[in-house]
Amino acid sequence: MSIGSELTAARERADMTIEQLSAATRIRTGLLTAMEADDFSRCGGNFYARGHIRAIARVVKADPAPLVASFDAEHAVEEEKSRREERAAVKGPTLHPARPRWGIVLGAILVGLMGWGMIRLFTVPRDVEANASKTIATTTVTTQPPKPTPKPTVTPTKKKPVPPPVVPTKTTLTLTAKNNGSYVTLRDKSGKRLFQGLVGPGSVQTVTAVGNIRVSAGAPGNLVIKVNGKPQATKLYRFVAHPNGTIAKK
């Protein structure tokens, strides 16, 4: 279970809403919703994120130590990965554009001009003689009778085989916000994050992935959901959208 899921479960065990927890901890409701969706980027840094986790744990009567330890373990791996990528980008090879060799280019042009001059020198007299012979000689033109036009043959058309129906392999999920919208997290079948953020009033968010799309929504009742163009309605906070246009409990 992720840190956000554990925070959600602890709040629900304490029988508290997001608004009640916000009033008790003085943490904004939007930030609390984001933390329960495993988005700690809005906390302003790891130091403040740990402080928010401890404050929430004290209010809902949960042990903050394992939650903070899980947060440190997860985000230490991400920070180390970003540092390795930065070092690899700095050590990348530098490519220099090749300079043209003008001496070789000029030599090739001169050789071509000399060859063209030699060809013209030996072929011009032959062209003059050929034109003179055409002027003196008389030509006889024999007209041939027109050939009969062959009748076109009609080839019967063959019916093309009907291809088998295509089974969809991709899922296109469209979320349209209504009322106050909802904070959502979208992941593909391998767990890669496709989108995370607030789908505000009047906004539309569309993602496409191969296979299923996993959805976590803070307020699913504030969303109009379409899967591959098919409208779907649900009150589930966590569900899976399938390529056949259906949704199921996560």
Side-chain angles (χ1 to χ4, degrees), residues 1-44 49 52-53 55-57 59-62 67 70-71 74 168 170-250:
M1 182 180 293
S2 64
I3 302 173
S5 300
E6 293 180 0
L7 293 175
T8 304
R11 175 177 59 79
E12 293 175 350
R13 285 195 300 270
D15 196 18
M16 296 182 70
T17 64
I18 290 290
E19 290 75 12
Q20 292 172 340
L21 183 59
S22 175
T25 59
R26 296 184 179 181
I27 301 174
R28 299 188 309 275
T29 57
L31 181 55
L32 289 174
T33 304
M35 292 176 65
E36 290 187 359
D38 294 315
D39 182 10
F40 297 92
S41 61
R42 300 173 59 182
C43 295
H52 292 334
I53 293 173
I56 296 170
V59 172
V60 299
K61 309 299 183 182
L67 295 173
S70 299
F71 175 83
E74 178 179 345
K170 291 185 178 181
T171 303
T172 299
L173 176 66
T174 302
L175 303 177
T176 303
K178 62 181 181 180
N179 299 330
N180 294 328
S182 174
Y183 195 94
V184 298
T185 300
L186 307 178
R187 301 178 185 270
D188 63 7
K189 63 180 181 180
S190 63
K192 180 181 178 182
R193 186 180 301 169
L194 303 175
F195 170 79
Q196 188 172 54
L198 177 65
V199 181
S203 62
V204 179
Q205 182 65 41
T206 301
V207 296
T208 301
V210 177
N212 301 332
I213 297 178
R214 295 184 292 173
V215 183
S216 298
N222 291 343
L223 297 173
V224 177
I225 305 169
K226 287 186 178 181
V227 183
N228 286 352
K230 299 179 180 179
Q232 298 290 343
T234 182
K235 295 183 179 179
L236 298 174
Y237 291 91
R238 298 174 183 271
F239 59 89
V240 178
H242 299 287
N244 60 0
T246 61
I247 61 175
K249 186 177 180 181
K250 185 176 179 181

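Two residues are said to be in side-chain contact when any heavy atoms from C-beta on lie closer than 4.5 Å; Leu186 and Leu173 meet this criterion. Using a 4.5 Å heavy-atom threshold, the side chains of Val207 and Gln205 count as touching. Counting only heavy atoms from C-beta outward, the side chains of Leu175 and Val224 never approach each other to under 4.5 Å.
From Phe71, atom CZ reaches atom CD1 of Ile53 across 5.5 Å, with rounding to the nearest 0.5 Å. The CZ atom of Arg187 sits 13.0 Å away from the CD1 atom of Ile213 when rounded to the nearest 0.5 Å. Within the model, atoms NZ of Lys230 and CD of Gln232 stand 8.0 Å from one another, a figure rounded to the nearest 0.5 Å. We find the OG-CG distance between Ser182 and Asn222 to be 6.5 Å, quoted to the nearest 0.5 Å. The distance from atom CD1 of Ile247 to atom CZ of Phe239, rounded to the nearest 0.5 Å, is 5.0 Å. Distance check, rounded to the nearest 0.5 Å: CG of Asp38 to CG of Leu7 gives 8.5 Å.
A pairwise comparison of heavy atoms in Thr25 and Leu21 identifies OG1-O, 2.7 Å as the closest pair.
Around the OH atom of Tyr237, the shell of radius 6.0 Å holds no more than 12 heavy atoms that belong to other residues, nucleotides or ligands. Shown here is Asn179, whose CG atom has more than 12 heavy atoms of other residues, nucleotides or ligands within 6.0 Å.
The residue from Thr33, Leu32, Thr17 that alone fulfils the side-chain contact (heavy atoms from CB on, under 4.5 Å) condition with Ser22 is Leu32. Checking Thr8, Ile3, Ile56 one by one against Glu36, the side-chain contact (heavy atoms from CB on, under 4.5 Å) holds for a single residue, Thr8.
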>> For a side chain to side chain donor-acceptor pair (under 3.5 Å) check, start with the C-alpha distance between Ser2 and Ser5, then their side-chain angles and the critical distance, and finish with the verdict.
In response: CA-CA 5 Å; Ser2 64; Ser5 300; 3.0 Å; yes

